[in-house]
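What follows is a short report on a single structure.
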Amino acid sequence: MIVVEGVVKRFGALVALRGMTFEVARGEVVCLIGPSGSGKSTMLRCMNFLERYDEGRVVIDGETIGYEGDGSERRVRRAVDLARQRRRVGMVFQSYNLFPHQTVLENVLEGPVHVLGRPKAEARAEALALLEKIGLAAKAGERPARLSGGQQQRVAIARALAMKPEVMLFDEVTSALDPELVGEVLQAIRGLAEEGMTMVLVTHEIAFAREVAHRIIFMDEGQIVEAGPARELVMNPRTVRLQAFLRRFREGYML
Amino acid sequence: MPEIAALKYLPVLVAALATTAKLSAMVVACGLALGVTLTAAAHLGGKAVALAIGAVGYVVRGMPLLVFVFGVYFALPPSFTFDTKMLAAVVAMSVYMAAFVFEIFRGAIAGVPRGLTDAASAIGMTPRLAFRRMVLPVALRMTVAPIVNRTVMSIKGTSLASAIGVWELSLAGREIIQRDLQPFQVLGMIALFYFVICWAVALAGAAVERRVSFEH
């Protein structure tokens, strides 16, 4: 369903991604792990073209994301076209990024009503159902600033789901949360995985990745170092770099 | 109880206050309108227009208001039928205020966090829709406090119109003091007038700010 092929991203002299290639099947959950600065978030942001990759391509359902044409003819799609492509890809951010001037319900309604142009009454019923599902129906009229981090992040998930995306991207969505709030967000993601949502997650929650993901991709310095079935990769890392990464991770948690 | 001698000048000062109020209202209204227009022009008119407006604004903001008022006054052709003093004061002070309003809006729009536009893009908004639905409403809320601040400064700044002979509160006060030599009583009354106006504006601003707060 998603094909990432030789994606290269440069920030000036810095090469953030050095030819990333992987695939994600429909209904599959893939986690990107790796040390900070390894390019995980950049990779994720290239997948809905929030970051413009320089070489290679990201293809979702047969359509190249962000570019049209091929070879020397290749050019960035028009803004309207980019927006259309992004409607099929939901994204949740580390810092929630809720719309601060709107209520929780308005945040969830924004996409269906103002982007898709759906009738408000119909969208509203669905939005309330979504909020019910994540346990925040009671907060529908509140502003995001009044919610805890975990609640805000669940609203952000609902906002993305309201667009009925085919793919969900999660960019370190628990990294900004207090430890006791991480669970509620992971629970929401686990629920999506069980429903068969296709997902790509950048995460530092190795235990969660092992449990929920089908596959894990370990990145370092903009490249894939090791990839494989989640449980196997965490239990039996083959490369020295992944072994060292997991060891540091475990030591960090034992302190 | 000591008599406040300056009270007998109250009617004169109130008459002058009317001019100050009129001048303030015109300057604030025109300054805001022009500032918003310039912001829109800079945003829609392409890079060259934005650069030009930015550069002129930079120069105007770097000038003392008094110098700018004199500059505009002497640049206007003299007229026997028209009150060029008042016109010069309104034009100079409006443009001066607009230069700051422009900068406040520009800064607020630039200060909208990247995460907000990222989130808008991620739900499939075009940059244009994201600007209208997200960037502008969020930026506008952030401008309330600085705009109120600038409005108060503009109101107090109208006292400089006295330098080119607009008979407003400060000039009327100066005339009385020169005649009567009771500077502190007269100045006290004038200060009180200015204070009450500015306080009312600040109160109104605080009310607006509460209403648009992200926690409200």
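Of all heavy-atom pairs between B/Ala122 and A/Phe93, the closest is CB-CZ, 3.9 Å. For the pair B/Ile123 and A/Met163, the tightest heavy-atom approach, listed with the atom from each and the gap, is O-CE, 3.2 Å.
Looking at A/Phe99, the atoms closer than 4.5 Å to chain B (heavy atoms on both sides) sit in the backbone and in the side chain alike. For a residue to count as touching a neighbouring chain, one of its non-hydrogen atoms must lie under 4.5 Å from one of that chain's; by this rule A/Leu98 touches chain B with the backbone only. Proximity to chain A (any heavy atom under 4.5 Å) is shown, for B/Leu116, by both the backbone and the side chain.
Counting heavy-atom neighbours within 6.0 Å of B/Met153 CE, excluding the residue itself, gives a total of 12 or less.
Among A/Leu169, A/Val115, A/Val92, the residue with the largest count of heavy-atom pairs under 4.5 Å with chain B is A/Val115. Counting heavy-atom pairs under 4.5 Å between each of B/Pro113, B/Gly115, B/Ala120 and chain A puts B/Gly115 at the top. Across A/Ala145, A/Pro112, A/Pro100, the residue that shares the most heavy-atom pairs under 4.5 angstrom with chain B is A/Pro100.
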Which donor-acceptor pairs fall under 3.5 Å between chain A and chain B:
residue	atom	partner	partner atom	Å
A/Arg45	NH1	B/Asp118	OD2	2.9
A/Arg45	NH2	B/Asp118	OD2	3.0
A/Asn97	ND2	B/Gly115	O	3.1
A/His101	NE2	B/Arg133	O	3.0
A/Glu110	OE1	B/Arg133	NH2	2.8
A/Glu110	OE2	B/Arg133	NE	2.7
A/Glu110	OE2	B/Arg133	NH2	3.4
A/His114	NE2	B/Arg133	NH2	3.2
A/Arg143	NE	B/His216	O	2.7
A/Arg146	NE	B/Glu215	O	2.9
A/Arg146	NH2	B/Glu215	O	3.0

